[in-house]
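Small disclaimer: the values here were computed from a predicted structure and weren't measured. Numbers restart at 1 for each chain; the letters A, B, ... are given by sequence-line order, proteins then strands.
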2 protein chains.
Amino acid sequence: MLDVRRLRLLRDLARLGTIAAVSEAHTYTPSAVSQQLAALQREAGVRLLERAGRRVALTPTGEALVRHAEVVLAALEAADATLAAARGGLSGTVRIGAYPSAVRTLLPTALVALARSHPGLHLMVTELDPVDVPDALRGRRLDVALLHDYDIVPVEPDPALDSTPLLDETVYLALPATHAYDGADPLRSARTAAWIVGTPGTLCHTVALHACELAGFRPEVHHHADDFAAVLALVAAGHGVGLVPQLAVGQPPPGVELVPLTVRRRTRVAFRRGSGDHPAVAACVRALGAAAAAVFA
Amino acid sequence: MLDVRRLRLLRDLARLGTIAAVSEAHTYTPSAVSQQLAALQREAGVRLLERAGRRVALTPTGEALVRHAEVVLAALEAADATLAAARGGLSGTVRIGAYPSAVRTLLPTALVALARSHPGLHLMVTELDPVDVPDALRGRRLDVALLHDYDIVPVEPDPALDSTPLLDETVYLALPATHAYDGADPLRSARTAAWIVGTPGTLCHTVALHACELAGFRPEVHHHADDFAAVLALVAAGHGVGLVPQLAVGQPPPGVELVPLTVRRRTRVAFRRGSGDHPAVAACVRALGAAAAAVFA
DNA sequence: CGGTTACGTAAGCTGAGCTGATGCTTGACG
DNA sequence: CGTCAAGCATCAGCTCAGCTTACGTAACCG
């Protein structure tokens with residue numbers, strides 16, 4: 001019978017690509033991971049890995065084994081969840097990850113509700129970009145986290161994660177009120193404007209570029225800002241245009257015009273596959289859903 | 001994350017009922033099993049076991065955990081199967097369990113075919129009573145085995161095992177030709193006869209008693225014989241009547257009359273859940289199916 | 001009430017698996 | 001095309017998880 005710890009290393013290697021990264025994720029030395037994967041391969045009796053340049057790549061058999069490993073790990077996660085439910089559930093700590101605007105809007109409401117209903121629960125919030133969420137969940141640095149799911153940026157579903165829908169927001173084009181908006185396709189009308197987008201590497205950045213590309217132009221980027229309040233302030237000051245989701249526009253500063261786009265931003269609550277029945281995870285998901293409903297009401 | 005070895009011990013405890021039996025199945029000392037289960041309970045944080053007399057019983061939480069364990073173990077078995085397929089499959093040894101009449105009739109045909117098609121495969125046949133099959137499969141003393149599935153003796157499906165149908169046979173009442181058979185319900189006509197049944201504890205024994213009970217009488221048992229050739233010989237000698245399945249009556253000895261009953265004996269090929277895709281297991285199942293078709297043709 | 005059966009605990013030993021050091025191969029860079 | 005850093009594999013050595021052995025205790029049985 002295969003060793004689950006080794007299977008987990010193999011699965012993480014499939015994601016992370018290098019033994020060094022896996023070892024770091026597990027706080028082992030690379031040597032230990034190398035030895036364990038060698039042992040796994042030995043008892044499998046088939047080549048699972050092969051050198052590819054100075055890294056290692058999985059063979060097709062290795063990939064197939066990873067798919068089985070996902071099933072095993074999800075089942076173990078589910079077992080953990082029922083145990084937590086049996087314990088009364090509300091003990092321990094839950095680490096929640098969210099993007100900044102949610103931390104400002106949804107999280108406070110949800111945290112207050114959770115603290116009231118489950119006083120034993122220790123909640124720990126981490127602000128991070130959605131692109132880093134999957135790794136953080138898989139690496140067990142987070143238990144619950146918010147993800148974005150733009151229709152224009154398809155993201156392939158991660159077999160190690162599960163999620164439920166939370167929000168469906170309109171995305172606005174924020175323009176200076178002085179800007180001549182001709183009423184046609186709002187994005188095209190801003191094709192020559194100075195753009196304010198997220199810093200490269202963030203999801204916001206790729207979404208903005210992608211939306212412009214679909215509208216048939218490449219935006220001239222003048223500013224990078226991840227904080228939407230900052231974006232709105234820049235827009236109000238007449239320094240450019242940018243995309244702002246519904247959640248981030250509490251009260252827009254004067255001098256900003258918001259034009260709704262067809263682009264929508266969907267937010268999902270993600271967690272490790274199998275942990276959905278964990279009472280603490282389930283409570284967080286419920287609380288976030290209630291908070292979303294309240295904020296949007 | 002829970003330890004799979006410990007989960008396996010818990011699952012086996014759920015089946016076997018005592019730590020001593022589990023320890024024997026794993027060739028450990030009872031002490032080791034006790035310690036491991038205690039550790040599992042400690043890291044679970046919930047009571048999984050409790051003393052019941054001088055044995056231990058699972059709490060409801062323990063039972064729930066066992067159900068998760070079944071999923072985990074089946075997934076690991078499936079992983080093993082794909083690895084075996086990647087290896088080329090035909091290596092290693094397959095241990096086949098079967099009841100005596102199948103060993104005489106089906107197995108030789110199947111073994112010849114398997115040896116021809118998969119020369120690398122080492123086949124090991126064990127004769128055993130179907131009642132012992134589930135334990136032997138779970139305990140990994142067998143890989144593939146034949147089970148009976150009588151409609152009149154319902155057997156609850158084992159979550160750790162999977163199976164496919166193989167045979168559906170008529171069961172005959174074997175009577176001395178001198179016996180006055182009145183043409184009515186054959187079993188009732190034999191209610192005052194001397195009965196030849198299997199030794200207590202075997203499936204044949206319980207099936208015979210059960211069939212008689214359904215016919216409204218309790219048979220007077222004169223002989224215990226598990227070998228159907230022996231049963232037929234006794235019947236021919238006028239020493240009693242007995243039930244004989246179709247597979248066991250090659251050419252009945254003279255002086256024996258066979259009356260078909262409505263009772264049917266269904267045979268299934270069983271294996272550990274998840275191992276069905278193991279190429280060696282699949283090859284055995286196919287070969288047994290072909291042998292069954294050939295023998296019945 | 002002894003005898004047997006079964007589980008739990010204590011003490012001690014062994015090997016799986018970790019770290020740290022070293023060497024080899026690959027790709028990048030001037 | 002030489003040099004350097006990144007990355008993996010291997011070796012030696014040590015530590016602790018987990019086994020066995022030994023013993024104590026509670027429950028059923030005659």
S.K.: Can a side-chain donor-acceptor contact be found between A:T59 and A:E63 if the only test is distance below 3.5 angstrom?
M.R.: no
S.K.: Between B:H222 (side chain only) and B:W195 (backbone N and O only), is there a donor and an acceptor less than 3.5 Å apart?
M.R.: no
S.K.: Under a 4.5 Å cut-off applied to non-hydrogen side-chain atoms, are A:L16 and A:D135 in contact?
M.R.: yes
S.K.: Rounded to whole angstroms, how far apart are CG on B:D3 and C1' on D:dC19?
M.R.: 14 Å
S.K.: Who passes side-chain hydrogen bond (donor to acceptor under 3.5 Å, both in side chains) against B:Q41, sequence neighbours left out?
M.R.: none
S.K.: Return yes if some donor-acceptor pair links the side-chain N/O of A:R47 with the main-chain N/O of A:L49 below 3.5 Å, else return no.
M.R.: yes
S.K.: Check each residue of residues 40-48 of chain B for a non-hydrogen atom within less than 4.0 Å of any atom in DNA chain C, then write out the ones that pass by number, or none.
M.R.: none
S.K.: When you measure from the side chain of B:H278 to the backbone of B:A280, do you find a donor-acceptor pair of N or O atoms at a distance under 3.5 Å?
M.R.: yes
S.K.: Between P on C:dG17 and CZ on A:R8, what's the gap in Å once rounded to a whole number?
M.R.: 15 Å
S.K.: Please name all residues satisfying side-chain contact (heavy atoms from CB on, under 4.5 Å) with A:C284, sequence neighbours left out, ordered by chain then number.
M.R.: A:V94, A:I96, A:L114, A:L123, A:V144
S.K.: Listing time: all N or O pairs from protein to nucleotides 2-6 of chain C that are below 3.5 Å?
M.R.:
{"unit_1": "C:dT5", "atom_1": "O4'", "unit_2": "B:R54", "atom_2": "NH1", "d": "3.3"}
{"unit_1": "C:dT5", "atom_1": "O2", "unit_2": "B:R54", "atom_2": "NH1", "d": "3.0"}
{"unit_1": "C:dA6", "atom_1": "O3'", "unit_2": "B:R54", "atom_2": "O", "d": "3.4"}

S.K.: Roughly, in whole Å, what's the span from CG in A:L9 to C1' in D:dA9?
M.R.: 16 Å
S.K.: Strictly below 4.0 Å, N to O, side chains only: are B:E77 and B:R140 in salt-bridge contact?
M.R.: yes
S.K.: Could you state the OH-P distance from B:Y28 to C:dC7, rounded to the nearest angstrom?
M.R.: 17 Å
S.K.: Where along residues 29-38 of chain A does a heavy atom fall under 4.0 Å from DNA chain D?
M.R.: A:S31, A:S34, A:Q35
S.K.: Salt bridge check: are A:R273 and A:E70 linked by an N-O gap of less than 4.0 Å?
M.R.: no
S.K.: Measure the angle between the two terminal helix axes of the helix from C:dC1-D:dG30 to C:dG30-D:dC1, five base pairs each, and quote it to 10°.
M.R.: 30°
S.K.: Report yes or no: does B:H210 contribute a side-chain atom to a donor-acceptor pair with the main-chain N or O of B:I152 at less than 3.5 Å?
M.R.: yes
S.K.: Compare all side-chain heavy atoms of B:D129 with those of B:Y99 and state whether any distance is below 4.5 angstrom.
M.R.: no
S.K.: Would you say D:dA17 has OP1 or OP2 under 4.0 Å from some side-chain N or O of B:R6?
M.R.: no
S.K.: If you measure from the Lys or Arg side-chain nitrogens to the Asp or Glu carboxylate oxygens, is any gap between A:R138 and A:D158 under 4.0 Å?
M.R.: yes
S.K.: Please report the distance, rounded to the nearest Å, between NE2 in A:H26 and C1' in C:dT19.
M.R.: 17 Å
S.K.: So if I apply the salt bridge (charged side-chain N to carboxylate O under 4.0 Å, His left out) rule between B:R272 and each of B:D277, B:D80, B:D143, which one comes out positive?
M.R.: B:D143
